Structure formats: structure tokens, C-alpha cells
Amino acid sequence: MACRICSGRLREFADFGRQPISDAFVEPGDPREEFFFRLAVGVCESCTMVQLLEEVPRERMFHEGYPYVSSGSSVMREHFHTLAKRLLTTELSGDDPFVVELGCNDGTMLEVVADAGVRHLGVEPSGGVADLAAAKGVRVTKDFFEAATAARVRAEDGPADVIYAANTLCHIPYMDSILSGVDTLLKVDGVFVFEDPYLADIVARSSFDQIYDEHFYFFCAGSVSRMAARHGFELVDVERLPVHGGEVRYTLARIGARTPAPAVAAMLAEEDAAGITRLSALDRFAATVEGNRDRLTALLKGLRAQGATIYGYGATAKSATVLNYCGIGPDLLTFVSDTTPAKQGRLTPGSHIPVLGPEAFRDPYPDYALLLAWNHAEEIMAKETGFRESGGRWILYVPDVHVV
Ligand code: SAH
Ligand code: TYD
Ligand code: ZN
């Protein structure tokens, strides 16, 4: 097994067994067999990039029926609107600037750019969500971003002031093609800004469910700066973000084009001191995760044996890992509540638990709810105060198994 960034040797540290496509919610009665792959993760001995050991073909994950929509969380909508306004005020130059977003999904970020009348393009291979973006007035092309796409966009639209990607770059194994595409498309002094789950937060919080088919890479400042250098880029800024359980927003510029902010050296030093990419730390993470899996399974089985009802909350992609790794099925969770229309009426991949709309959650409330969308805990608990008032209790498994 070789590193997808530098061809170095990979050391495996965790194996979650056979896993389905995390966003492939099953139509009841669909006779087609589900696709499974081995979900295992390792670290590169040379460049320290943490990555999956098996790659799922991209068309199996990202297609017309891809169900995830960015606008499903009001906190995330706010997050992307704030970021868009910031890019518009700080990163544009000349009288006809151009903004590109990779994985623009339903256009939650780019709608602000479109409304400001700024030239832009979303590159989004999943047709259904791309249509939602287009309906908001966002200009979008239904393509996978890669070197060839970049060359075409550059020829048609000219160079970009800023290329932005949220929760998308870590989904893409073929990084050489991506970064050479960014090199082709970006203005000489442009920036490539991307934000993804932060390895240090995943390790610190034992949030093992961040590991699933779509999340191919688990970035940190160290691995990203080495990856950038291979293509003539330099890490010039980093910013920790509280969303999705802890992320970092990285800014790359061409080497020498910008002076790196002090935050970069600080984060690199912090990572070195904590040793987050050392095999011993990652082995410890894997051992903690196994313990949490056993505690979660025991808790759910014990509660069910006492006759308690338990529903799941949030049919996240992440929950595919939790449900399948812990062997949680419809015997333990009656159903999973989720607001996404394309997930409702279907079954969770691999574990086959029905997904219903949030009205089912309230009619009647269960005794317990397993918070699968724990990264949206504040938003969800604020909207489901009636559940607590009815005597219901939340079960969480990040950073450890506990009931609140
Ligand atoms: N940026 C949004 C969506 C993240 S989901 C947000 O943060 O909420 C990841 C998105 O990346 C999906 O919409 C998927 O279709 C898209 N994607 C996957 N591979 C891609 C590629 N090579 N180029 C552009 N988008 C890609
Ligand atoms: P999310 O954690 O954002 O991402 P991923 O699928 O990549 O793990 O998914 C959140 C899911 O939870 C999404 O399907 C929408 C759903 N959801 C609700 O049902 N209610 C809510 O209040 C919120 C915020 C999300
Ligand atoms: Zn490597």
C-alpha cells in the first residue's frame, strides 16, 4: 500500500471492517446488492498524511442521486455566508474578479457571491445538488474537478482570484491532478482556501465516525504543507473552525507570493509537540475507539433489554461507520430522524434502519435518542427542547459514551 500523496509506505492503524457507501441510502425492496469495501486507515511514514487504504470509485459516491445538502444546518448556512462575504472583501482584485468553488453542492456559499454580482463558477459532479445551486442563480458545471477540468475552465473563463473548497478536498484521492489543476486555474497571486476535518480534533475527540468512504484524507498543517510544496504552493494561513466537530481552514499561495501568518508556524509547532501523526498516538486512538464501540453497544443493548425505545437523530454519512462498525440495526434503533428529503423513506446503508422525517421523532418522543449528528448538537438540542421536557435523554459517543 503506497501513500497517494508521495508514494511512501503506509502504516495501518485502524480497521473498521466491511463498510457500505455512506450516503447510499437504500430504497426498501431494491434488489440490487449494496457495495461494500474495507474501511481501514493508515499514516504515511514519509509525508505523515493520514489516509484510507482502499479507495471507492468516485462515481459510486458522487452522482445524480447524492443526497447530502449543505443547507440542512442553519449554523452551516451562516458559516458559509460569513466566509463568502469575507472572500468578497479580502481576496478579489481587478475590475472583473472570478471566484471558483469545488464541491459547491447546493450553492450555499456561492449564492452570496452570485447575489453580489461577482463572476463565479461552482464545480459540482453530483447532478441533483448542482441543480439546486443553479436554481438559486449560481453558475455551476456538473464535473469532477481535476487537471482537465481546470484547463477547460481557465480557457473559457480566465484565471481565478480564489479557489475555495469546503469538506471536498479531503474527499479526493487524486491530489496530484487537483493541485496541478489549481496551479493552472489560479492567478499568480491568487489563493486556494479549503477547510476539512482536522486530524488533531479527530484524535483528541476520538471521533472515529469522521472516517468513512468520502473522507479519504485526514489533514493537519504538517501534512498539508508538505503536500502543497510538491506543487509549488505554500501554507500561508490556518484557522481553526468549530464546525463539523473541529476543522481547519487552510490557505495556500504560490511559494514566496505571500508572507505566512504566524498562526502557521504555531500550528506546526503544536502538532509536532503533540505528535499527532506518530504511530503510537494513532494506535492509542484506535484502542480508545474500540473501547467506545463496546461501551456504546452495551449501553444500547442494556436499554433495549429494559424496554426503552431508542431512535437515531441525523442520518449522517458519519453514522454509516458507527452503525456498521458497532453492529447497530433496527433491533436497537427503531428509526433515524432526518430532515433531508432524499434520505427519508429509505434505509440506512448496510444497517438498514428506516429514515423518517423529524415529525416522526415527536410522535411520540422516544425514551432515548442516539445523536448521530453530534457535530450539530447545539443546533439540534435547541430545536428539540420538547424531547428533554418529555423526559427523553440524548446518548452521545463523542468524545466518549455518555447520556445527557
Ligand atoms: N461544500 C459543501 C459540500 C460538501 S460534500 C459543504 O461543505 O457543505 C462534498 C461535495 O464534493 C459533494 O457535493 C460532492 O459531489 C463534491 N465532489 C466530490 N468530488 C469532487 C471533485 N473532484 N470536484 C468537485 N466536487 C467534488
Ligand atoms: P452532517 O453531519 O452535516 O454531515 P455528514 O453526512 O457528512 O456526516 O449531516 C447532518 C445530517 O443531519 C443531515 O442528513 C441533515 C441532518 N440534520 C437533521 O436531521 N436535523 C438537524 O437539525 C440538522 C442540523 C441536521
Ligand atoms: Zn506520503
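Keep in mind the model is a prediction, meaning the values are calculated, not measured. Every number for a ligand or one of its atoms is a count from 1 in the order of the listing.
Closer than 2.8 Å to the Zn ion (ligand 3) sit the protein N, O or S atoms Cys3 SG, Cys6 SG, Cys44 SG, Cys47 SG.
Put simply, the side chain of Asp161 never gets that close to the backbone of Leu92: no donor and acceptor are under 3.5 Å apart. Within the 3.5 Å criterion, the main-chain N or O of Val129 finds no donor-acceptor partner in the side chain of Glu124. In terms of modelled atom types and a separation under 3.5 Å, the side chain of Asp183 and the main chain of Leu179 share no donor-acceptor contact. Not one N or O on the side chain of Ser351 forms a donor-acceptor pair closer than 3.5 Å with the backbone of Asn324. Remark: side-chain polar atoms of Glu271 are paired, donor with acceptor, to backbone N or O of Ala221 under 3.5 angstrom.
Between Phe62 and His171, the ring planes lie tilted relative to each other; the angle falls in the 30° to 60° range.
A donor-acceptor contact under 3.5 angstrom links the side chains of His79 and Glu195, judged on distance only.
Of all protein heavy atoms, the one lying nearest to atom 12 (O) of ligand 2 is Asp338 OD2, 3.4 Å. Of the protein's heavy atoms, Lys383 NZ, 3.4 Å lies nearest to atom 21 (C) of ligand 2. At the shortest separation from atom 5 (P) of ligand 2 among protein heavy atoms lies Ala317 N, 3.5 Å. The protein heavy-atom contact nearest to atom 1 (P) of ligand 2 is His376 NE2, 3.6 Å. In this structure, atom 23 (C) of ligand 2 lies nearest to the protein heavy atom Gly72 O, 3.8 Å. For atom 4 (O) of ligand 2, the closest non-hydrogen atom on the protein side is Tyr68 CE1, 3.4 Å. Counting only heavy atoms of the protein, atom 8 (O) of ligand 2 lies nearest to Lys318 NZ, 2.7 Å.
Heavy-atom proximity to atom 9 (O) of ligand 2, evaluated over Thr339, Thr316, Ile380, Leu372, is greatest for Thr316.
Cation-pi geometry between Arg240 and Tyr198 is not satisfied (NZ or CZ under 6.0 Å from the ring centre, within 45° of the ring normal).
Within the 4.5 Å cutoff, the side chain of Ile276 has heavy atoms near those of the Cys220 side chain.
With ligand atoms numbered from 1 in the order given, ligand 2 contributes 1 (P), 2 (O), 3 (O) to contacts under 4.0 Å with heavy atoms of Asn375. Close approach to Lys343 involves these atoms of ligand 2, each under 4.0 Å from a residue heavy atom: 13 (C), 14 (O). When each atom of ligand 2 is checked for a heavy atom of Gly314 under 4.0 Å away, the hits are 12 (O). For ligand 2 and His244, the ligand atoms under 4.0 Å from any heavy atom of the residue are 3 (O). Listed by number with element, the atoms of ligand 2 under 4.0 Å from a non-hydrogen atom of Glu379 are 24 (C).
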Q: Take Arg258 and Glu234, measure what salt bridge (charged side-chain N to carboxylate O under 4.0 Å, His left out) needs, and give me the verdict at the end.
A: CA-CA 9 Å; Arg258 296 207 183 185; Glu234 182 177 18; over 6 Å; no
(Q) Assess the residue pair Glu214 and Tyr68 against the criterion (side chain to side chain donor-acceptor pair (under 3.5 Å)); give the C-alpha distance rounded to whole Å, side-chain angles, the decisive distance to 0.1 Å, and a yes or no. (A) CA-CA 12 Å; Glu214 293 174 24; Tyr68 183 77; over 6 Å; no
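Taking CD from Glu12 and CG from Leu279, the interatomic distance works out to 10.5 Å, rounded to the nearest 0.5 Å. The CZ atom of Phe144 lies 5.5 Å from the OH atom of Tyr174; values are rounded to the nearest 0.5 Å.
A search for side-chain hydrogen bond (donor to acceptor under 3.5 Å, both in side chains) contacts involving Tyr368 returns nothing, not counting sequence neighbours.
Between Glu91 and Lys85 there is no salt bridge, since no side-chain N of the basic residue sits under 4.0 Å from a carboxylate O of the acidic one.
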Output, or 'none' if empty, a list of ligand 1-protein atom pairs in which both atoms are N or O and the distance is under 3.5 Å, rounded to 0.1 Å.
from, atom 1, to, atom 2, distance (Å)
ligand 1, 1 (N), Gly103, O, 2.9
ligand 1, 1 (N), Ala166, O, 2.9
ligand 1, 7 (O), Ala166, O, 3.3
ligand 1, 7 (O), Asn167, ND2, 2.8
ligand 1, 8 (O), Ser70, OG, 2.7
ligand 1, 11 (O), Thr168, OG1, 3.3
ligand 1, 13 (O), Asn105, ND2, 3.2
ligand 1, 13 (O), Glu124, OE1, 2.8
ligand 1, 13 (O), Glu124, OE2, 3.2
ligand 1, 15 (O), Glu124, OE2, 2.5
ligand 1, 15 (O), Ser126, OG, 2.8
ligand 1, 22 (N), Phe145, N, 3.4
ligand 1, 22 (N), Phe145, O, 3.3
ligand 1, 22 (N), Tyr174, OH, 3.0
ligand 1, 23 (N), Phe145, N, 2.8
ligand 1, 25 (N), Gly103, N, 3.3

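In Tyr212, the part holding a heavy atom less than 4.0 Å from any atom of ligand 2 is the side chain.
Identified under the side-chain hydrogen bond (donor to acceptor under 3.5 Å, both in side chains) test for residues 99-110, with sequence neighbours left out: Ser70-Asn105, Ser71-Asp106, Asp106-Thr108.
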